[in-house]
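First the structure, in the form of structure tokens, and then the observations on it.
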Number of protein chains: 2
Amino acid sequence: MTSQEKSPGTAHRGPALRGGFLLAQVGAYASMRFAERLEGLGLTPSDVGLLRMIAVNPGQSQQTLAQALRVVPSRVVSLIDDLQAKGLVTRERSSSDRRTYELRLSPVGVEAMEKMREIGSAHENDMMMGLSTEERTTLTALLAKLAASHALAPDVHPGYGSRS
Amino acid sequence: MTSQEKSPGTAHRGPALRGGFLLAQVGAYASMRFAERLEGLGLTPSDVGLLRMIAVNPGQSQQTLAQALRVVPSRVVSLIDDLQAKGLVTRERSSSDRRTYELRLSPVGVEAMEKMREIGSAHENDMMMGLSTEERTTLTALLAKLAASHALAPDVHPGYGSRS
DNA sequence: TATTGTTATACTCTATAACTATA
DNA sequence: TATAGTTATAGAGTATAACAATA
């Protein structure tokens, strides 16, 4: 009903091809919108992921983090540098192995996590706006199933680097 | 059933928060896998999107393309430079306005489109592997609904640049 | 004077490799 | 000798701004 000129481009390609593209398209859009919301907080999506990893597993070393995120250790350095400069994360030399740091959220970091949760909630509502409650549940379940079938780690966004 | 140590991180956060993250996570994964498949063809996901826009609307100018992709014109220059260097796209001065080029696929470009279609199809199957036929249909429909509700252009992946 | 395409430039992100301190 | 973290450097990707040709 919308094709006025000769332009195809709207309704070509069968369902066999659309799913992968839609996944990438909607996913990139979701990331973009989330990043926009975070700007107000002075954080990037990477920061958020990192903070969550630290919150979930306090005392972790940078190496451990690098492996979990599938990122090069030097990348973690600058990421944590930022977070520390913002006062969200503390680095403390481990007493058992003084080569490593123990990473923890500062009180400010804990507050930031709370704000992030609110932002995440608003983002979720905004993203899902067009779907009914039941549809949201279905979509989330299907996405979770897909994530599981590809062995995607529950909390790791594969967008920290290009390292496989 | 998988939480062995004290580590949470698997089952926290209610359904109210997971959808947006899953969208971004699975979407980024889909993009990554698609990019990997394209490497064999010597193309990037951007190239593919561009080729498709040109295939759908032959004779377009670079400006038109830049607007459709929401990218700065200079970006289109280097993107098309690449495609032309690979022999996939032709630039021809428009006879009505000699400032502009008319962009078209070369015969090689048309062949490449065919290979891309195969790659896309294989990618789709791989991505959806974990879902039944019915589930795939449901997921695709829900994603399409989401895309429509956010007014995402049917064929434009929002990943060409940072320009809103 | 306005528009299309181009070039030159700079900035951001990320990886690689060499280095220091500790084990 | 091996490992954690760091620094320096380089490459890719992308935007901005100045510019030439055409309108």
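Reckoned from all heavy atoms, side chains included, excluding hydrogens, waters and symmetry mates. Reminder, nothing fancy here: chain letters follow the sequence lines and each chain counts from 1.
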*Give the rounded distance in Å between these two atoms: CG of L79(A) and C1' of dG5(D).*
14 Å
Pairs under 3.5 Å (N/O, protein and nucleotides 7-10 of chain C):
none

*asked:* Any side-chain N or O of R91(A) below 4.0 angstrom from OP1/OP2 of dA4(D)?
replied: no
*Which whole-number value in Å describes the distance from E92(B) CD to dT4(C) C1'?*
17 Å
*With a 4.5 Å limit on heavy-atom distance, are the side chains of K145(A) and V26(B) in contact?*
no
*Tell me: OH of Y101(B) to C1' of dT3(C), nearest whole Å?*
15 Å
*Using a cut-off of 4.0 Å on non-hydrogen atoms, how would the nucleic acid contact of S78(B) be classed: base, sugar-phosphate, or nothing?*
nothing
*Any side-chain heavy atom of L146(A) sitting closer than 4.5 Å to one from L23(A)?*
yes
*Determine whether L65(A) and V71(A) make a side-chain contact, defined as any pair of heavy atoms from C-beta on separated by less than 4.5 Å.*
no
_Can a side-chain donor-acceptor contact be found between D81(B) and S78(B) if the only test is distance below 3.5 angstrom?_
no
*Is the closest side-chain heavy-atom distance between Y101(A) and R93(A) below 4.5 Å?*
yes
*asked:* If I take atom CG in residue L65(A) and atom P in nucleotide dT6(D), what distance separates them, rounded to the nearest angstrom?
replied: 12 Å
*Note, V156(B) side chain near R70(B) side chain (heavy atom, < 4.5 Å)*: no
_Gap between atoms CD and C1', on Q62(A) and dT7(D) respectively (whole Å)_ = 13 Å
*For the pair H157(B) and F21(A), name the ring-plane relationship: parallel under 30°, tilted 30 to 60°, perpendicular over 60°.*
perpendicular
Polar atom pairs between nucleotides 21-23 of chain D and protein, under 3.5 Å, N or O only, would you list them?
from	atom 1	to	atom 2	distance (Å)
dA23(D)	OP1	R98(B)	N	2.7

*Is there a path of hydrophobic side-chain contacts, each under 4.5 Å between heavy atoms of I, L, V, M, F, W or Y residues, that connects L22(A) with M129(A)?*
no
*Output the single nucleotide from dA4(D), dA15(D), dA15(C) whose closest atom is nearest the side chain of V71(B).*
dA15(D)
_Rounding to an integer number of Å, can you tell me how far H157(A) NE2 sits from dC13(C) C1'?_
16 Å
*Spacing of Q60(B) atom CD relative to dG5(C) atom C1', expressed in whole Å*: 15 Å
*What is the distance from CD1 of I80(A) to P of dT7(D), rounded to the nearest Å?*
14 Å
*Are K115(A) and E118(A) close enough for a salt bridge, meaning some N to O gap below 4.0 Å?*
no
